[in-house]
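Everything below concerns the one structure shown next.
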Number of protein chains: 2
Amino acid sequence: MKIGTLAARSGVSVDTLRYYEKIGLLPKVDRDAGGRRAYGETDLSWIEFVLKLKATGMPMRDRIDYARLRAEGPHTAAARREILERHRESLLARRADLDACIDLMDRKITMYEALESENVELACM
Amino acid sequence: MKIGTLAARSGVSVDTLRYYEKIGLLPKVDRDAGGRRAYGETDLSWIEFVLKLKATGMPMRDRIDYARLRAEGPHTAAARREILERHRESLLARRADLDACIDLMDRKITMYEALESENVELACM
DNA sequence: GTAACGGCTGGAGCGCGCTCCAGGTCAAGC
DNA sequence: GCTTGACCTGGAGCGCGCTCCAGCCGTTAC
């Protein structure tokens, strides 16, 4: 699969794919006879996984570290697992924050409802 | 309270506080005799609230919209409530994404554990 | 009185994560 | 064979959200 196809299938632009390769987020990929990047299905799954890590807020440097370890081979498995475990912890913390903020939204919304129905004045909304 | 005190108490830098005022995230504040910004406790609570909105991913433009409505007065309460309700919905969606990603981390971590203990080879980690 | 500090303004600079461009090569369709 | 278009590289540019700076003024401590 050529870079345009991968871009279409992954939703990542061609320029961004080349940029990701440059910074080490994607492995150096094989080239065809004409020097063009030739991707496989594995590359697509990898990008999709990396996008998930990104979407859940894993910092760029951790994603790059993880990618580098993956490129180095199977003997880095333990280090990769550690990165994922740290990320898992941060996700749990973020979920707790999110829950607290959802509660806050609920309380604020309730205050606004009270304010609208009773015509009460409240400071600092 | 002067801007340096507010910066220390809110954890937001002096420069950033002035920047926030410039873009409308903080209301135009009263000045003392010497032309310096004089903040009250209400300003601090407002900043803390805005930081929470930021921390949970409310886009800058929504925060600014909300701040503008707040500055306009109590008759904008309904519009402000709507912004909070939209944000609440997005937080619920984000929590669902987060849960899915935590599951994914758990599965990947389990795969790594299997890989380490059984010395099995797995593609695309 | 004076030095030092904190605040003021307007505007430039910066780091991140792309995004775009010039100028070229290569290959597939007609 | 020629056109068209996708791909190549290296490097410049950009928008966001600050962050820093010059040059100035007022207040506070000694």
Side-chain angles (χ1 to χ4, degrees), chain A residues 1-41 43-44 46-68 71 83 87 90, chain B residues 1-41 43-44 46-68 71 83 87 90:
Chain A
M1 155 172 43
K2 279 184 285 182
I3 198 168
T5 310
L6 182 62
R9 290 183 65 189
S10 66
V12 173
S13 80
V14 168
D15 274 318
T16 303
L17 287 173
R18 286 193 285 243
Y19 168 72
Y20 281 173
E21 184 178 317
K22 190 163 83 182
I23 64 172
L25 202 53
L26 300 184
K28 295 273 180 202
V29 68
D30 291 342
R31 303 300 179 105
D32 66 13
R36 297 176 185 178
R37 292 169 179 82
Y39 295 98
E41 293 299 320
D43 296 305
L44 179 58
W46 170 245
I47 289 166
E48 285 168 348
F49 179 57
V50 165
L51 289 179
K52 280 211 182 72
L53 294 180
K54 178 188 176 185
T56 51
M58 180 186 277
M60 183 67 116
R61 58 186 165 284
D62 287 355
R63 278 177 278 152
I64 291 174
D65 284 349
Y66 189 92
R68 207 194 54 240
I83 292 176
H87 186 51
S90 85
Chain B
M1 154 175 40
K2 280 184 283 182
I3 198 167
T5 312
L6 183 62
R9 289 183 65 191
S10 66
V12 173
S13 81
V14 168
D15 274 317
T16 302
L17 286 173
R18 286 194 285 245
Y19 168 71
Y20 281 173
E21 184 179 317
K22 191 164 82 182
I23 63 171
L25 203 52
L26 300 184
K28 294 275 180 202
V29 70
D30 291 341
R31 303 299 179 106
D32 67 12
R36 299 174 184 179
R37 293 171 179 82
Y39 297 97
E41 293 299 321
D43 295 306
L44 178 58
W46 169 245
I47 289 165
E48 284 169 348
F49 179 56
V50 165
L51 289 179
K52 278 211 183 72
L53 294 180
K54 178 187 176 186
T56 52
M58 182 187 276
M60 183 66 116
R61 60 186 165 285
D62 288 355
R63 279 177 278 153
I64 292 175
D65 284 349
Y66 188 91
R68 208 195 52 240
I83 291 175
H87 187 51
S90 87

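Taking every side-chain heavy atom of A:K2 into account, D:dC7 is the closest of D:dC7, D:dC18, C:dG17. Checking C:dG17, D:dG17, D:dC8 against the side-chain heavy atoms of A:M60 singles out C:dG17 as nearest. In this structure, the nucleotide among D:dC20, C:dG11, C:dG7 sitting nearest to the side chain of B:K22 is C:dG11. Across D:dC8, D:dC20, C:dT19, the shortest atom-to-atom separation from the side chain of A:R31 is found for D:dC8. Side-chain proximity of B:T16 to D:dC18, D:dC8, C:dC20: nearest is D:dC18.
Screening A:E21, A:R36, A:R18 for a side chain to side chain contact (heavy atoms under 4.5 Å, CB included) with A:I3, the sole residue that qualifies is A:R18. With A:L6 as the fixed residue, the side chain to side chain contact (heavy atoms under 4.5 Å, CB included) test singles out one of A:V12, A:L44, A:V29: A:L44. Results of the side chain to side chain contact (heavy atoms under 4.5 Å, CB included) test with B:L26 over B:V50, B:I47, B:T16, B:D43 single out B:I47 as the only residue that passes.
No more than 12 heavy atoms of other residues, nucleotides or ligands sit less than 6.0 Å from atom CZ of A:R61.
Looking at heavy-atom distances under 4.0 Å, A:R61 makes no contact with the nucleic acid at all. Using a 4.0 Å heavy-atom criterion, one finds that A:R63 contacts no nucleic acid atom at all.
At C:dC8, one or more side-chain N or O atoms of B:R18 fall inside 4.0 Å of OP1 or OP2 (strictly under the cut-off). B:Y19 has no side-chain polar atom (N or O) that falls below the 4.0 Å cut-off from OP1 or OP2 of D:dC16.
Rounded to an integer number of Å, the gap from CD1 of B:I23 to P of D:dC18 is 7 Å. With rounding to whole Å, A:L17 atom CG is found 13 Å from C:dT19 atom C1'. At whole-Å resolution of the value, CG in A:L25 and P in C:dC16 are 15 Å apart. Between the C1' atom of D:dC16 and the CD1 atom of B:I64 lies a distance of 11 Å, rounded to the nearest Å. If you measure from atom CG of A:D32 to atom P of C:dT25, you get 17 Å, rounded to the nearest angstrom. Atoms CG (A:L53) and C1' (C:dG17) sit 17 Å apart, rounded to a whole Å. Between the CG atom of A:D15 and the P atom of D:dT9 there is a distance of 12 Å, rounded to whole Å. In this structure, B:M1 places its CE atom 16 Å from C1' of C:dG6, rounding to the nearest Å.
Nucleotides of DNA chain C nearest to A:A33 and B:I3 differ in position, and the one nearer the 5' end is that of B:I3. Mapping A:A38 and B:Y20 onto DNA chain D via the closest heavy atom, the residue that lands nearer the 5' end is A:A38.
A donor and an acceptor atom never sit less than 3.5 Å apart when one is taken from the side chain of B:R37 and the other from the base of C:dG7.
No donor-acceptor pair closer than 3.5 Å links the side chain of A:R63 to the backbone N or O of A:L25.
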